[in-house]
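Every value quoted in this text rests on a predicted model; they were computed, and no experiment measured them. In each ligand, atom 1 is the first atom listed, and ligand 1 is the first ligand listed.
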Amino acid sequence: MLPGDPGFEQARRVWNGLVDKRPAAIAYCTGVDDVVAAISLARENNVPLSVRSGGHNVAGNSVCEGGLVIDLSRMKSRLVDDTRRVAAVEAGLTLAEFDSATQAFGLATTMGVNGDTGIAGLTLGGGFGKLGRRYGLACDNLLSAEIVTADGRVLQASASENPDLFWGLRGGGGNFGVVTRFEYRLHEIGTEVLAGAVTFLEPRAREALRFYDSFATAAPDQLSLDAAFVTSAGERLFSIAIFYSGPSGKAEQILAPLLDYAEGTAADVRLARVPYLQVQSAGDAVFRTGRRYSWKAQFMRELTEDAIDVLLDVYRRAPNENALLVFQQVGGAISRIPVSEAAYACRNAEFDCFPIAIWDDPAKDQENISWVREAWAAIRPHSTGAVYVNNLGEEGQERIKAAYGPNYQRLVELKNKYDPMNMFCLNQNIKPTA
Ligand SMILES: Cc1cc2nc3c(=O)[nH]c(=O)nc-3n(C[C@H](O)[C@H](O)[C@H](O)COP(=O)(O)OP(=O)(O)OC[C@H]3O[C@@H](n4cnc5c(N)ncnc54)[C@H](O)[C@@H]3O)c2cc1C
């Protein structure tokens, strides 16, 4: 698709309405041969390229200015083998499409919390979600991948084929080529889970944050507790989202401390058995495509008294009612996998904490972006210093190194081997040194 073609204006847009780039062409690939051809075209003509699957990344790196966008969103074949509990899927699937295919068999693997996110970008950066504490990250459940490298070769990567590349694909993002196919391990979770929320008015938030920190960090793997400051009808609230995927018989005992605490302190308590697919799409209305978004994330190990002071203060300064201050819980199985196992390195955190600004009026860009930056800076002394690569904006090379920690040097060596000319540079870039 070229500028001027019908639909081009829409086709160059991505999830984040702040991103406004004009590529020279968009190649809608329908199979691996198309991807090989698109990469060859870019290489032979020295054209910058970007790779887009779900188009959901906050940084907007999946589109480029004046270059070629390799778009995989039409590559959606999916095959679920319920006997082997394996899903073989093409890279253009969204999370909602992946989840609905596996849930037809009562199976699932860890995916994120927003249905229109692409499985490709999510998995290649790590991929956390409600099942992560139980089964590890999306990338921890990856069994193999098919990838087209900068020189146009189609390679398989798994524990037995090109294992170095397989290591790098599990967290190293889009640095090594275009992944066309993923194979995931699935888990039997049934089609329903226990889910809900406990919500506190702001005057109770300090105490509720203390409780959240101690209860969440001691929770069993089947329980995942994300939380957020939100504003509803002018009222600032702190809400803990409950997701329990373990045996029903144990739920009451596991959740008793939370429900006891909520009694008399919470403004609202909701808990019910609901379809897993319903939980997975619950955030979709909040994160609609095309609005303007900014966020800046960092990991936290605990919510100390000093950290709680800061968290309360930054949310009071939020620019509007759409703003959120989110805690995505990690830990559990994610943290029991050695850091050297895969490129993804941030395994010792409990929470991914990030202020999110959402707005529509371009005149408000500065106000919203400034709040996010100031909130992040205030929280920074209480963080681990590390960051989830999929939540990075354009934050510079030091932050990319912070995301990979001890794995960074090994990623540079892989980049030297598979993409020494840095063709795949529109990403959280590992710079080759060869
Ligand atoms: C509202 C929202 C909620 C989110 N929730 C979660 C969550 O719960 N858990 C979580 O882990 N993350 C979450 N994320 C972050 C998400 O994982 C990243 O934004 C991810 O990059 C999205 O993947 P995508 O395919 O849609 O990205 P795109 O924007 O299409 O691509 C982003 C980058 O990924 C790389 N890439 C994409 N496809 C390929 C491919 N086929 N081959 C090689 N490289 C490729 C490229 O470098 C590209 O620049 C969320 C993001 C948003 C906006």
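Aromatic pair F200/F211: ring centres not closer than 6.0 Å. Taking the six-membered ring where the residue is Trp, the centroids of Y388 and F128 are separated by under 6.0 Å. Two rings, from Y184 and F98, have their centers less than 6.0 Å apart.
Of all protein heavy atoms, the one closest to atom 4 (C) of ligand 1 is T117 OG1, 4.3 Å. Nearest protein neighbour of atom 36 (N) of ligand 1, counting heavy atoms only, is V51 O, 4.2 Å. At the shortest separation from atom 5 (N) of ligand 1 among protein heavy atoms lies V113 CG2, 3.9 Å. Of the protein's heavy atoms, Y388 OH, 2.5 Å lies nearest to atom 11 (O) of ligand 1. Scanning the protein heavy atoms around atom 32 (C) of ligand 1, the nearest turns out to be N57 CB, 3.5 Å. Annotation: atom 38 (N) of ligand 1 to nearest protein heavy atom, S53 OG, 2.8 Å. Closest protein heavy atom to atom 2 (C) of ligand 1: H56 CE1, 3.5 Å. Nearest protein neighbour of atom 43 (C) of ligand 1, counting heavy atoms only, is G177 O, 3.2 Å.
Within the 4.5 Å cutoff, the side chain of Y418 has no heavy atoms near those of the F424 side chain. P432 places a side-chain heavy atom less than 4.5 Å from the side chain of N416.
Where the criterion is an N or O separation shorter than 3.5 Å, residue side chain and backbone included, G55 meets it with respect to ligand 1. Inclusion of F128 in the set of residues having an N or O under 3.5 Å from an N or O of ligand 1 is warranted. On a distance-only criterion, G54 and ligand 1 share at least one N/O pair closer than 3.5 Å. Among the atoms of G112, none of the N or O lies under 3.5 angstrom from an N or O of ligand 1. For F287, no nitrogen or oxygen atom sits less than 3.5 Å from a nitrogen or oxygen atom of ligand 1, counting backbone and side chain alike.
Ion pairing between a basic and an acidic side chain is recognised when a charged N comes within 4.0 Å of a carboxylate O; R134 and D221 show no such pairing. The pair E97-K76 counts as a salt bridge, with a side-chain nitrogen and a carboxylate oxygen less than 4.0 angstrom apart.
Nearest-residue assignment for atom 6 (C) of ligand 1 (options N390, T180, L122, N114; heavy-atom criterion): L122. Closest heavy-atom approach to atom 34 (O) of ligand 1 within the set S62, G121, G174: this belongs to G121.
Here W295 has side-chain heavy atoms under 4.0 Å from ligand 1, and that is the only part of it that gets that close. Counting heavy atoms closer than 4.0 Å to ligand 1, residue W15 contributes side-chain atoms (C-beta onward) but none from N, CA, C or O.
Heavy-atom proximity to V179, at under 4.0 Å, picks out these atoms of ligand 1: 40 (C), 41 (N), 42 (N), 43 (C). Interface atoms of ligand 1 facing R52, defined by a heavy-atom separation under 4.0 Å, are 30 (O). Below 4.0 Å from some heavy atom of N61 lie the following atoms of ligand 1, by number and element: 49 (O). Atoms of ligand 1 found under 4.0 Å from any heavy atom of N427 (numbered from 1 in listed order, with element): 47 (O).
With L186 as the fixed residue, the side-chain contact (heavy atoms from CB on, under 4.5 Å) test singles out one of L143, V86, L107, D81: L107.
A cation-pi arrangement, defined by a distance under 6.0 Å to the six-membered ring centre and an angle within 45 degrees of its axis, is absent between R12 and F8.
Look at Q428 and you'll find every heavy atom at least 4.0 Å from all atoms of ligand 1. Residue G173 places no heavy atom under 4.0 Å from ligand 1.
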